[in-house]
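Encoded as structure tokens, the structure appears first; notes follow it.
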Amino acid sequence: MKRIIVTILAIAMLLSCCAMAEGTFRVGMECDYPPFNWTQVEENENSVPIDGGMGFAGGYDVEIAGRIAEALDKELVVVKIEWDGLIPALNSGMIDAVIAGMSPTAERKITVDFTDAYYNSDLVVVVRADGDYANAASLADFAGAKITAQLNTFHYTVLDQLEGIDKMPAMETFPAMITALSSGAIDGYISERPGAVSACAANAGLTFVTPGFVASEEDTSIAVALKQGQPELIEQINGILAGISADERNALMDAAVLNQPVSAE
């Protein structure tokens, strides 16, 4: 009888939690990839509290997540999760969506579904402004350079297009790569253009070049990741995204670059 009572109480607590969650849209992101997402100490009109009292989240992803949550008539809750933990958190039910500058690659589509793209970009290499590769104009110009990219991203695979480079181990975060580049430990790292613009705006000693990477649209586009088996939600979100014009998306990205903290935590 005691076991039955405990089981009933556990089920009741679970149902209660689910009921409370019905009015929220829980979105996972790193909060560490400006201008897509970042962590800031002080709240402002463009930020959202991070779940668990971990500061406030801002950036382009937060703006898009806010538009989606509002249209769904939900309260946006931002959950700060390391990159490698985003998809597991989604599939475990910890979050409702990943809106984190994530590309809908074929590999990811095996385990999660994606909406239409909410941003399209291209690939660049972030380098030191006074370094040997600041004027690189082609893939071949990086011969001998120490180049890296973020761990478990398609960015690391395109390193193979840079001829004769010293392919460095992948790094976990963009701030870590910026530090390594600024210190001279590496000569450059791969980034989406918005991330590069943001990094250079916050670090005067950096610049970026566009050597002409070959990448598919699914690799350079950014979409919302959802748990598989939710076609109605995908359709809803696609409709919401379709209502945000290209000009408005560009304006949101430009504002995110301008509004980012000087040093994102």
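Hydrogens, waters and symmetry mates play no part in the numbers below; they use all other heavy atoms, side chains included.
Expressed to the nearest 0.5 Å, how far CG of Leu241 lies from CD1 of Ile68 amounts to 5.0 Å.
In this structure, the side chains of Leu206 and Ser182 come closer than 4.5 Å at one or more pairs of heavy atoms. With contacts defined as side-chain heavy-atom distances shorter than 4.5 Å, the pair Tyr118/Asn238 does not qualify. Side-chain atoms of Asp32 and Thr39, non-hydrogen and from C-beta on, never get closer than 4.5 Å to each other. Side-chain contact check for Met29 versus Val98: every heavy-atom pair is 4.5 Å or farther apart.
Using a 3.5 Å distance cut-off with no hydrogens or angles, the side chains of Gln150 and Glu30 do pair a donor with an acceptor. For Asp61 and Tyr33, the side-chain atoms include no donor-acceptor pair closer than 3.5 Å.
A donor-acceptor pair under 3.5 Å is absent between the side-chain atoms of Asp166 and the main chain of Lys146, judged by distance alone. Without hydrogens or angle criteria, Ser198 side chain to Pro194 main chain gives no donor-acceptor distance under 3.5 Å. Remark: side-chain polar atoms of Gln228 are paired, donor with acceptor, to backbone N or O of Ile110 under 3.5 angstrom. For the pair Asn44 (side chain) and Ser47 (backbone), a donor-acceptor distance under 3.5 Å is present. Using a distance-only test at 3.5 Å, with no hydrogens or angles considered, no donor-acceptor pair links the side chain of Ser221 to the main chain of Asn120.
Between Lys167 and Asp160 there is a salt bridge, with a side-chain nitrogen of the basic residue lying less than 4.0 Å from a carboxylate oxygen of the acidic one. Using a 4.0 Å cut-off between charged nitrogen and carboxylate oxygen, Asp122 and Arg193 count as a salt-bridge pair.
Taking Val77 as the reference, Thr24, Arg26, Asp51, Val79 meet the side-chain contact (heavy atoms from CB on, under 4.5 Å) condition, with sequence neighbours excluded. Listed by chain and residue number, Asn91, Met102, Arg108, Thr111, Val112 satisfy the side-chain contact (heavy atoms from CB on, under 4.5 Å) test with Ile87 (two or more places apart in sequence, or in another chain). Every side-chain contact (heavy atoms from CB on, under 4.5 Å) that Asp130 has, sequence neighbours left out, goes to Arg128.
Below 30°, between 30° and 60°, or above 60°: for Phe142 and Tyr133 the angle between ring planes is below 30°, a parallel geometry.
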**Report entry** Intermediate values then yes/no, side-chain contact (heavy atoms from CB on, under 4.5 Å), Gln40 and Gln260
**Finding:** CA-CA 9 Å; Gln40 60 189 57; Gln260 66 170 342; over 6 Å; no

